[in-house]
**Q** 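Before I ask anything, here is the structure I am working with.
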Protein chains: 2
Amino acid sequence: MSGHGSAVDMLRSQGYRMTPQRLSVLDIVASQQGHIGVDEVWGLARQQHPYVDLATVYRTLQLLKRAGVVTEVLIGNRLHFEMIDKHNPHQHMVCSSCDSVFTLSPDYLAGFSRRLVEEFGFVPDLENLTIGGTCLACLQSEQA
Amino acid sequence: MSGHGSAVDMLRSQGYRMTPQRLSVLDIVASQQGHIGVDEVWGLARQQHPYVDLATVYRTLQLLKRAGVVTEVLIGNRLHFEMIDKHNPHQHMVCSSCDSVFTLSPDYLAGFSRRLVEEFGFVPDLENLTIGGTCLACLQSEQA
DNA sequence: ATTATTAGCGCAAACGATTGCAATAACTAG
DNA sequence: CTAGTTATTGCAATCGTTTGCGCTAATAAT
């Protein structure tokens, strides 16, 4: 266990059944210190159980996202997931050229977010926001 | 033609062959006054040609995106495309609950973008940035 | 015009991800 | 502890999108 017991309790109190498959997926994502791809989650989950279906992994990850336990990051054409740490919130920047991921302090978008709420009543999902673009290294190797 | 002749010239000068299929797709997106889904582009393209393959529509739309002629907006689980109008640049906000799309003045993110470039050398692709979240109407009907 | 080059096409298969469904297992109440 | 209920699972089919591959047709040179 990696200190995510509170998430288990929270999910259970919301009526979710904590099956071995779900506990396994949660444990795998929580034991990672960063984002992890679905394939990798599946691979690790299969080591713990005779069989876990890929669909169950996907369903569980979406469930955890909906419950606010993990964030989703699209890297290339693959979904990755990461535990939400209230003590270290951040956004992600992904380079569309090399798929590098950079984290960004929420300070950068706090004002922007507030304006959207105040002026439009639109509450942005910053937790799952990914900013696409091109990183420094790729920009430099590009201008050849 | 809808005043996108310059795009055709630009693409041709970049070595792209302007086939009837491509001209058709470009014409369809350009004649729209907003974003249009891939299915709809395909449907309209098939009216103009005996047969246009869906893969060709996808390939052409990605080509136009790469060339900076159109922007991509993910609405629900479907890609939509929209002509880039230099005189009316904007970002998109999409409500993940009802799939409504709102446009946003680039003023809101200009400072943020500048900071990313200055501090990280990361150039965000604001043209294709979509801000997910929940709109006012959905927030209100949610708190029932 | 004719030809040579090669980018783009239709087609079909594959991709990552989601969903419908019958069987199963986690919870609840007694 | 047992029985009942229903959420979750494995499975398979399907979703929207992308890709590999020969054939075709758009361009450039003659």
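Per chain, numbering begins at 1; letters A, B, ... match sequence-line order. Being a predicted model, the structure only gives us computed values, none of them experimental. Values below: every heavy atom of this structure, side chains too, minus hydrogens, waters and symmetry copies.
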**Q** Nearest whole Å is fine: how far is C:dT19 P from A:Asp53 CG?
**A** 15 Å
**Q** Remember a base hit wins even if backbone is also touched, and classify B:Asn77 as base, sugar-phosphate or nothing at under 4.0 Å, heavy atoms.
**A** sugar-phosphate
**Q** Please name the residue in the list A:Leu79, A:Val70, A:Thr71, A:Ile84 that meets the side chain to side chain contact (heavy atoms under 4.5 Å, CB included) test with A:Lys65.
**A** A:Val70
**Q** Any base atoms under 4.0 Å from A:Arg59, or only sugar-phosphate, or nothing? Heavy atoms, all strands.
**A** base
**Q** Please give, in whole Å, the distance from C:dA17 P to B:Leu79 CG?
**A** 14 Å
**Q** Please give me the minimum heavy-atom distance between A:Ile131 and B:Pro124, naming the atom from each residue.
**A** CG2-CB, 3.8 Å
**Q** Mind calculating the distance between CG (B:Leu61) and C1' (D:dG16) to the nearest angstrom?
**A** 13 Å
**Q** If I take atom CD in residue A:Gln62 and atom C1' in nucleotide C:dT18, what distance separates them, rounded to the nearest angstrom?
**A** 9 Å
**Q** Judged by each residue's nearest nucleotide on DNA chain D, which is more toward the 5′ side, A:Met18 or B:Tyr16?
**A** A:Met18
**Q** Consider the side chain of A:Val52, meaning its heavy atoms from C-beta on, and name the nucleotide among D:dG10, C:dT18, C:dA7 that approaches it most closely.
**A** D:dG10
**Q** Give one of base, sugar-phosphate or nothing for B:Arg78, where a contact means two heavy atoms less than 4.0 Å apart.
**A** sugar-phosphate
**Q** Under 4.0 Å from OP1 or OP2 of C:dC11: is there any side-chain N or O of B:Tyr51 that close?
**A** yes
**Q** Specify the residue among A:Arg17 and A:His80 whose closest nucleotide of DNA chain C lies further upstream toward the 5′ end.
**A** A:His80
**Q** Between P on D:dC11 and OH on A:Tyr58, what's the gap in Å once rounded to a whole number?
**A** 17 Å
**Q** Between B:Arg46 (CZ) and C:dG10 (P), how many Å, whole number?
**A** 10 Å
**Q** Can you identify which nucleotide, out of D:dT27, D:dT19, D:dT8, has its nearest atom closest to the B:Ala55 side chain?
**A** D:dT19
**Q** If each of B:Gln21 and B:Leu74 is mapped to the nucleotide of DNA chain D with the nearest heavy atom, which maps nearer the 5' terminus, i.e. the 5' end?
**A** B:Leu74
**Q** Would you mind checking if B:Asp53 and B:Arg59 are paired as a salt bridge, meaning a charged N to carboxylate O distance below 4.0 Å?
**A** no
**Q** More than 12 heavy atoms of other residues, nucleotides or ligands under 6.0 Å from CD of A:Gln33: yes or no?
**A** no
**Q** Nearest of D:dT27, C:dC21, C:dC9 to any side-chain atom of B:Thr19?
**A** C:dC9
**Q** Without hydrogens or angle criteria, can the side chains of A:Glu82 and A:His92 be said to hold a donor-acceptor pair below 3.5 Å?
**A** yes
**Q** Using a heavy-atom cut-off of 4.0 Å across all strands, would you classify B:Pro50 as base, sugar-phosphate, or nothing?
**A** nothing
**Q** Which whole-number value in Å describes the distance from B:Trp42 CH2 to D:dG16 P?
**A** 11 Å
**Q** Rounded to the nearest Å, what distance is computed from the NE2 atom of residue A:His49 to the P atom of nucleotide D:dG10?
**A** 9 Å
**Q** Nearest of D:dA26, D:dT27, C:dT18 to any side-chain atom of B:Pro20?
**A** D:dA26
